[in-house]
Every structure is written in C-alpha cells, then in structure tokens.
Amino acid sequence: MSAALPFLPFSKPTIDEATIAAVGEVLRSGWLTSGPKVAAFEAQLSEYFGGRPVRTFNSGTCTMEIALRIAGVGPGDEVITTSISWVATANVIIEVGATPVFADIDPVTRNIDLDKVEAAITPRTKAIIPVFLSGLPVDMDRLYAIAKKHNLRVVEDAAQAFGSSWNGRRIGSFGDFVSFSFQANKNLTTGEGGCLVLNNADEARLAEKYRLQGVSRSGVDGIDVDVLGGKYNMTDITAAIGLGQFAHIEAVTAHRRALARHYFAQFGSEFEARTGAQLPLADFDNSNWHLFQIILPDHGPGTRAAFMRRMADEFNVGTGFHYAPIHLFTLYQERGFTEGMLPVSEKIGRLTVTLPMFYAMTSADVERAAAAVKAILTK
Ligand SMILES: *Cc1c(COP(=O)(O)O)cnc(C)c1O
C-alpha cells in the first residue's frame with residue numbers, strides 16, 4: 001500500500017518562481033561572475049548577522065580552510081574537532097598543513113563533547129572546529145569560555161545551522177569565525193556555496209584575497225598579489241539564488257521546527273522504551289532542524305543498511321546517514337587513528353539514520369515516515 005505512494009526523499013530543495021526569474025535576469029544581464037548580486041547577498045547576510053563582516057564563497061569547505069589560514073593555523077599546529085561530521089570539517093585541517101585531533105561526542109546532542117575538548121588541549125592546540133550537527137549548537141557559553149581560557153581560535157562549522165540560535169542569539173551574530181554552507185541539501189541553498197562571518201575589516205580583506213588568487217586592486221590599473229590565494233569566489237548567478245532563498249529563511253526554520261515537533265508527537269513517549277531507538281534532543285528553540293536523526297537499536301553489523309533498505313523497498317521512504325566517523329576513513333587511519341579511540345562517535349556513526357526533513361514536506365509526510373519507522377522497529 002505505502003509503496004504505491006511517491007518516493008519521499010530525505011531532503012529536497014525548494015526554489016520559488018521568483019528566484020528562477022531572478023537567475024534568468026542575471027543570465028541576461030551580461031554580468032555572470034561576482035558582481036552586484038554577490039554584493040547585495042553579502043550586505044543582507046551581514047545585516048542578518050548583526051552587522052558583522054560576511055564574505056561569500058563557492059563552498060562551505062573553502063570557507064573553513066580560509067578561516068584557518070586567516071587565523072594563521074598551519075604546520076605544527078593542532079586543531080580539535082569532531083569525527084561525526086562531513087569529512088570536509090577535518091580535511092581542511094590537513095589542507096592547511098595542521099594536525100587534526102578528534103574529541104569524542106556527547107551521546108545526547110551528538111555534538112563534540114566540550115569536556116573531551118578541554119582534555120585534548122595541548123601547548124600545540126591553535127583552534128577548535130565545533131560542528132552544530134543537524135543545526136543544534138553546542139553550549140556556546142562554555143565553548144567560548146574554553147577558547148578564551150586557552151587562547152584558542154574557533155571556526156564554527158555552522159554549515160547546517162543557518163537560522164539556528166543560542167539562547168535567543170542568532171548563530172553567526174556572535175563568536176569568532178562562523179562558516180555556513182549553501183550546498184543543495186542545506187536549509188538555505190545556492191546549489192553550491194558558502195559564507196564566512198568574520199571579526200573585522202582586516203580579516204574580511206584577507207578573506208577576499210584568499211578567495212581570488214591573493215589579488216588586491218587599487219586605482220584604475222593597480223594590482224598586486226602578496227598572499228597565495230585560490231579561486232573560491234561566488235558567481236552572481238549563485239548569489240541570485242541565495243537572495244531568493246534568504247527571503248524565506250524565517251518560514252523555513254519555523255516549518256522545520258513544526259515538522260520536528262510532529263515527528264515527536266507521532267513517535268510518542270513510549271517509542272524509545274518500546275524499540276530501543278533514540279530520538280534527537282527535543283530542542284525547538286535553538287535548532288533549525290536541518291536534519292531529523294534517530295539512533296537505531298543495535299542488531300550488530302548491517303543494522304543500518306537493513307533498516308535503510310526496508311524503508312526504501314517496503315515504504316518508498318528515503319533515508320540518509322550523517323555521518324560515518326571521519327577518523328576511520330583510510331586517509332585518517334593512515335595518519336594513526338584507529339577503531340576504539342572514539343567509542344561514542346563509532347557507535348553513533350554506525351547506527352545513526354536521517355529521516356526525511358525539508359521545507360516542502362507536509363504533516364502527512366511526517367506521519368508516513370514515522371509510521372514506516374515504527375513498523376520496522378516495533379516487533
Ligand atoms: C555541508 C557541510 C560541509 C561542507 O559544505 P560544502 O558547501 O559542501 O563544502 C561541512 N560541514 C558540514 C557539517 C556540512 O554539513
């Protein structure tokens with residue numbers, strides 16, 4: 001019966017007609033690369049983040065790499081991060097020549113455990129990259145107290161946290177470097193893209209250099225290159241999509257929070273005890289509900305694959321997994337990380353599954369996804 005319903009993906013972007021028209025205008029305008037649309041998008045983002053400088057880029061990965069470069073992080077330095085993230089979070093540390101150090105996660109929030117962060121600090125530690133998994137921030141007061149005490153820079157991997165807040169303050173409006181991604185699945189998407197919130201005009205100028213070959217211009221034909229930059233600028237085509245998406249961000253966040261509440265209502269208070277599964281932290285104030293993730297009851301190797309296959313084959317419902325532990329990837333095992341180092345990350349990395357959650361989803365979709373989960377997990 002359920003299989004007759006159309007496939008329900010775990011994520012799907014919503015692009016309105018006004019945005020499609022705005023992209024058409026850019027394509028007809030004669031100016032495709034970084035120009036007036038990028039400037040307008042950056043101005044709106046800066047206002048949204050309380051007037052802090054914001055620069056856009058072509059991914060939410062180069063944003064973090066550039067933040068590390070601006071902070072002067074390089075060979076000989078250690079950067080503490082989480083293993084439960086998209087691999088970009090740790091790759092950027094290696095990319096700048098520094099050493100990633102993984103701290104285990106908190107089993108309830110599934111974010112980096114700040115006690116473990118403190119324990120991992122050495123004289124070589126230069127920065128922390130916390131990840132706000134599914135849009136749920138870490139304890140930001142504690143994070144910045146640790147950073148201040150040990151004189152560390154922070155690059156917030158807020159890729160999933162556009163629209164999230166911490167006790168009434170918007171993520172991005174305070175703190176050190178804050179990096180957002182606009183990749184296709186994110187709450188605000190430009191297809192691919194990202195932005196970095198910076199502390200001051202000097203950092204912003206440096207960010208501009210790093211994103212475009214290190215170039216600085218002056219006068220009519222003045223040009224110089226004094227740092228090694230790359231090619232990371234956002235196009236006006238992309239920025240037009242961002243402006244169109246930005247107009248809906250409050251509605252998107254509110255709708256996702258309502259869908260998350262509906263998931264909890266559908267699962268009911270008995271779900272965890274009856275199935276052995278674990279629901280996410282029920283936070284409807286801070287989190288933007290980028291993802292709705294449950295931890296499956298452990299039936300040994302293959303638990304998640306079997307669950308995901310049944311969701312798709314029997315109920316036509318898509319699922320995802322965010323994420324496989326980074327420290328167990330070959331590249332990282334070759335750098336000395338081994339199984340058993342981060343028990344909480346390893347368990348959650350094996351059993352976490354992402355249920356459908358996106359702006360165009362309806363209450364009926366939530367009911368359908370929750371019913372499928374319950375049918376599979378309830379004996
Ligand atoms: C999406 C994402 C990234 C990378 O962003 P891109 O724009 O794809 O480069 C990094 N970290 C996390 C946690 C993400 O979800």
Side-chain angles (χ1 to χ4, degrees), residues 34 37-73 79 81 85-86 88-89 92 96 111 127-133 135-138 140-141 143-144 147-148 152-183 186-190 192-212 229 232-234 238-239 242-243 245-246 249-250 252-253 286-288 290:
S34 311
K37 294 290 179 193
V38 164
F41 189 33
E42 288 180 347
Q44 287 201 3
L45 290 168
S46 176
E47 192 189 330
Y48 182 72
F49 295 123
R52 299 185 70 196
V54 180
R55 294 297 179 268
T56 54
F57 301 86
N58 58 20
S59 79
T61 300
C62 67
T63 48
M64 293 190 284
E65 185 186 320
I66 287 170
L68 290 174
R69 291 195 194 283
I70 294 170
V73 175
V79 179
T81 193
S85 181
W86 179 229
T89 309
V92 295
V96 301
N111 280 328
I128 311 170
I129 307 184
V131 174
F132 309 149
L133 193 67
L136 180 72
V138 300
M140 301 298 282
D141 300 322
L143 170 70
Y144 279 102
K148 192 170 174 207
L152 304 176
R153 298 303 299 264
V154 176
V155 179
E156 297 177 28
D157 182 351
Q160 303 187 357
F162 202 102
S164 297
S165 54
W166 174 248
N167 293 341
R169 299 168 78 196
R170 202 168 266 161
I171 292 298
S173 70
F174 64 98
D176 196 350
F177 296 105
V178 189
S179 166
F180 294 94
S181 166
F182 304 139
Q183 184 267 344
K186 302 304 199 289
N187 289 24
L188 188 164
T189 184
T190 60
E192 298 287 0
C195 76
L196 182 64
V197 185
L198 303 121
N199 296 290
N200 53 55
D202 286 344
E203 285 182 1
R205 260 191 300 278
L206 205 43
E208 288 171 9
K209 288 185 189 177
Y210 280 125
R211 81 175 165 188
L212 223 154
Y232 303 120
N233 58 304
M234 180 178 275
T238 304
L243 286 163
Q245 290 270 294
F246 184 73
I249 193 64
E250 301 301 336
V252 167
T253 306
N286 294 313
S287 179
N288 66 359
H290 171 62

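None of the values given here were measured: they were computed from a predicted structure. Numbering starts at 1 and runs along the sequence shown.
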Side chains of [X] and [Y]: closer than 4.5 Å at any heavy-atom pair?
| X | Y | result |
| --- | --- | --- |
| Thr238 | Glu192 | no |
| Val252 | Leu188 | no |
| Val154 | Pro130 | yes |
| Asp157 | Phe132 | no |
| Thr63 | Tyr232 | no |
| Trp166 | Asp141 | yes |

Parallel, tilted or perpendicular, as decided by the 30° and 60° cut-offs, for the rings of Phe182 and Phe41: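 Geometry flag for Phe182 against Phe41: tilted rings.
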
Aromatic plane relationship, Phe162 with Tyr48 - under 30° parallel, 30 to 60° tilted, over 60° perpendicular: parallel

Pair Glu42-Thr56, side-chain donor/acceptor within less than 3.5 Å: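 A pair is found: one side chain offers a donor N or O, the other an acceptor, under 3.5 Å apart.
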
Lys186 atom NZ: more than 12 heavy-atom contacts under 6.0 Å: yes

Short side-chain to backbone donor-acceptor contact, Ser46 and Ala43, under 3.5 Å: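 No; zero donor-acceptor contacts below 3.5 Å.
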
Asn286 side-chain N/O to Asn167 backbone N/O, donor-acceptor pair under 3.5 Å: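 Yes, Asn286 side chain to Asn167 backbone: donor-acceptor pair under 3.5 Å.
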
Separation between CG of Leu45 and CG of Leu196, rounded to the nearest 0.5 Å: 11.5 Å

Distance (rounded to the nearest 0.5 Å) between His290 NE2 and Leu136 CG: 13.0 Å

Candidate pair Val92 and Val155, rule side-chain contact (heavy atoms from CB on, under 4.5 Å), full reasoning: CA-CA 11 Å; Val92 295; Val155 179; over 6 Å; no

Single hit among Arg55, Arg69, Arg52, Arg153 for salt bridge (Lys or Arg N to Asp or Glu O under 4.0 Å) with Glu203: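 Per the salt bridge (Lys or Arg N to Asp or Glu O under 4.0 Å) rule, the option paired with Glu203 is Arg153, out of Arg55, Arg69, Arg52, Arg153.
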
side-chain contact (heavy atoms from CB on, under 4.5 Å) partner of Asn288, chosen from Ile171, Thr253, Ile249: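 The residue from Ile171, Thr253, Ile249 that satisfies side-chain contact (heavy atoms from CB on, under 4.5 Å) with Asn288 turns out to be Thr253.
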
